[in-house]
Protein chains: 2
Amino acid sequence: MTIPSMDELNLMHDRICRSVNDPKRLQIMYALDEQPRNVTALAQALDMPQSTASRHLTMLRQRGLVVAERDGSSVIYGLADHRIIEVMNMMRNVLRELVEKQSNAMD
Amino acid sequence: MTIPSMDELNLMHDRICRSVNDPKRLQIMYALDEQPRNVTALAQALDMPQSTASRHLTMLRQRGLVVAERDGSSVIYGLADHRIIEVMNMMRNVLRELVEKQSNAMD
DNA sequence: CTCATGTATTCGGATATGCGGATAGGTGGA
DNA sequence: TCCACCTATCCGCATATCCGAATACATGAG
């Protein structure tokens with residue numbers, strides 16, 4: 001894997017990093033990975049206003065991280081690619097190490 | 001790996017997602033992984049103002065993603081954990097799939 | 001002590017982002 | 001066609017983020 005060009009970095013930032021740069025969106029993606037849902041159900045499950053859930057879903061959908069499928073009058077949202085979860089889980093692992101190092105530094 | 005709590009998501013966002021949410025910081029981390037450097041050298045290599053490089057480095061350092069070591073009058077910065085690169089590379093892979101899907105969708 | 005060099009921070013201003021109530025728009029059943 | 005329900009968007013406002021020149025601060029050499 002070579003060193004990425006600025007073009008690739010810009011694209012990566014715009015599509016993925018931005019998407020992941022909000023705790024509620026992280027929460028939404030984990031929830032959708034666990035179980036696809038419509039906006040209302042998602043908003044209720046995560047205890048957030050419908051407009052907030054819809055806004056985030058629209059954003060994630062535009063970036064291609066989330067997929068929408070119409071089902072009657074509602075729209076079922078699902079995760080486009082499970083590897084997004086793997087990316088986030090890897091970030092969790094890195095985080096753990098960071099926190100650990102930080103505690104050691106207090107000695 | 002269990003579903004993360006909001007606390008963990010907030011921490012993850014604050015420490016890692018935020019750090020990664022800027023193309024120049026992505027660039028900086030790849031550069032430091034390839035070769036630790038001082039601020040001036042880094043700024044020159046990446047063709048950005050010294051103040052910009054320093055500001056980003058300070059930010060990454062506070063989050064623990066980057067490590068600083070004094071060497072005389074200069075400060076050598078390096079990547080704290082190579083797995084950060086792995087996270088970014090995984091994002092690149094996901095990105096490729098997204099872009100591919102997007103092209104197919106144009107048929 | 002003074003200078004040269006490298007680093008960190010300040011500053012004003014532009015831009016981006018998030019929020020959530022209110023509202024408009026779409027969909028299917030009766 | 002009317003209604004109930006679900007979804008998307010609008011709006012005003014608050015906050016966060018980034019920039020880069022200028023400036024302050026730190027370090028080591030002479």
Side-chain angles (χ1 to χ4, degrees), chain A residues 6 9-29 31-32 35-80, chain B residues 6 9-29 31-32 35-80:
Chain A
M6 257 331 253
L9 292 181
N10 280 320
L11 197 57
M12 191 163 112
H13 164 251
D14 186 67
R15 296 294 198 81
I16 302 187
C17 300
R18 251 181 163 78
S19 301
V20 159
N21 192 41
D22 184 293
K24 291 187 182 173
R25 283 196 288 271
L26 298 176
Q27 193 188 15
I28 286 174
M29 288 190 279
L32 292 185
Q35 166 74 50
R37 312 165 208 250
N38 65 28
V39 184
T40 304
L42 182 69
Q44 276 179 335
L46 304 187
D47 191 38
M48 62 178 73
Q50 180 267 328
S51 67
T52 298
S54 177
R55 188 166 12 90
H56 285 305
L57 286 171
T58 298
M59 191 275 206
L60 291 173
R61 188 166 175 275
Q62 285 173 340
R63 303 285 194 287
L65 296 188
V66 148
V67 168
E69 181 189 352
R70 178 129 234 144
D71 172 34
S73 69
S74 67
V75 177
I76 309 299
Y77 283 92
L79 206 59
Chain B
M6 255 332 252
L9 291 181
N10 280 321
L11 197 57
M12 191 162 111
H13 164 249
D14 187 67
R15 295 294 198 82
I16 303 187
C17 301
R18 251 181 163 76
S19 301
V20 157
N21 191 40
D22 184 292
K24 291 186 183 173
R25 282 195 290 270
L26 298 176
Q27 194 188 16
I28 286 173
M29 288 190 280
L32 293 185
Q35 167 75 51
R37 311 166 209 251
N38 66 28
V39 185
T40 303
L42 183 69
Q44 276 179 334
L46 304 188
D47 190 37
M48 63 177 72
Q50 180 267 330
S51 67
T52 298
S54 176
R55 188 162 15 88
H56 285 305
L57 286 171
T58 298
M59 190 273 205
L60 292 173
R61 189 167 175 275
Q62 284 172 340
R63 304 283 194 289
L65 296 189
V66 148
V67 168
E69 181 189 351
R70 179 128 233 144
D71 173 34
S73 69
S74 66
V75 177
I76 308 298
Y77 284 91
L79 207 58

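Throughout, a chain's letter reflects where its sequence line sits, starting with A, and its residues are numbered from 1. Values reported hereafter were calculated over all heavy atoms of this structure, with side chains retained and with hydrogens, waters and symmetry mates removed.
Protein atom NZ of B:K24 is 4 Å distant from nucleotide atom P of D:dG20, rounded to whole Å. Between the CG atom of A:L60 and the P atom of D:dT7 there is a distance of 16 Å, rounded to whole Å. When the P atom of D:dA8 is taken as reference, atom CG of A:N38 falls 10 Å away, rounded to whole Å. Atom pair B:M48:CE and D:dC19:P shows a separation of 8 Å (rounding to whole Å applied). Regarding B:I76, its CD1 atom lies at a distance of 14 Å from the C1' atom of C:dT5, rounded to whole Å. Between the CD1 atom of B:I28 and the C1' atom of D:dC19 there is a distance of 13 Å, given to the nearest Å. Following rounding to the nearest Å, A:Q62 (CD) and C:dT17 (C1') show an atom-to-atom distance of 14 Å. In this structure, the CD atom of B:Q44 is 13 Å from the P atom of C:dT5, given to the nearest Å.
Looking at every heavy atom in both residues, A:I28 comes nearest to A:L57 through CG2-CD2, 3.9 Å. Smallest separation of non-hydrogen atoms from B:R63 and B:R18: NH2-CD, 3.5 Å. Closest approach of A:A80 and A:G64 over heavy atoms only: CB-O, 3.3 Å. Here the closest non-hydrogen pair linking B:R15 and B:L65 is O-CD1, 4.1 Å. Closest approach of B:A31 to B:R37, counting heavy atoms only: O-NH2, 3.5 Å.
Residue contacts shown for A:R25 are limited to sugar-phosphate atoms, with no base heavy atom under 4.0 Å away. Contacts of A:S54 with the nucleic acid, taken as non-hydrogen atoms under 4.0 Å apart, include base atoms.
Contact annotation: A:H56 side-chain N/O to C:dT17 OP1/OP2 distance is not under 4.0 Å. Residue B:S51 places no side-chain N or O under 4.0 Å from the OP1 or OP2 atom of D:dA21. A sub-4.0 Å separation between OP1 or OP2 of D:dC6 and a side-chain N or O of A:Y77 is absent. Checking the phosphate oxygens (OP1, OP2) of D:dC5, no side-chain nitrogen or oxygen of A:T40 falls inside 4.0 Å.
Side-chain N or O atoms of A:R61 include none that pairs as donor or acceptor with a backbone N or O of A:Y77 at under 3.5 Å. When atom types are taken as modelled, the side chain of A:D14 and the backbone of A:N10 share no donor-acceptor pair closer than 3.5 angstrom.
In terms of polar N and O atoms assigned as donor or acceptor, the side chain of B:R55 comes within less than 3.5 Å of the base of D:dG20 in a complementary pairing.
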Taking only nitrogen or oxygen atoms into account, show me every contact under 3.5 Å that the protein makes with nucleotides 27-29 of chain C, one pair per line with its distance.
{"residue": "C:dT27", "atom": "O3'", "partner": "A:G72", "partner atom": "O", "Å": "3.4"}

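Contact annotation: the side chain of A:K24 never approaches that of A:L46 to less than 4.5 Å [non-hydrogen atoms, C-beta and beyond]. Side-chain contact between A:H13 and B:N21: present, with at least one pair of heavy atoms (C-beta onward) separated by less than 4.5 Å. Using a 4.5 Å heavy-atom cutoff, the side chains of A:V75 and A:N38 are not in contact.
Residues of residues 9-23 of chain A that place a heavy atom closer than 4.0 Å to DNA chain D do not occur.
When each of B:R37 and A:P49 is assigned the nucleotide of DNA chain C with its nearest heavy atom, B:R37 is the one assigned upstream, toward the 5' end.
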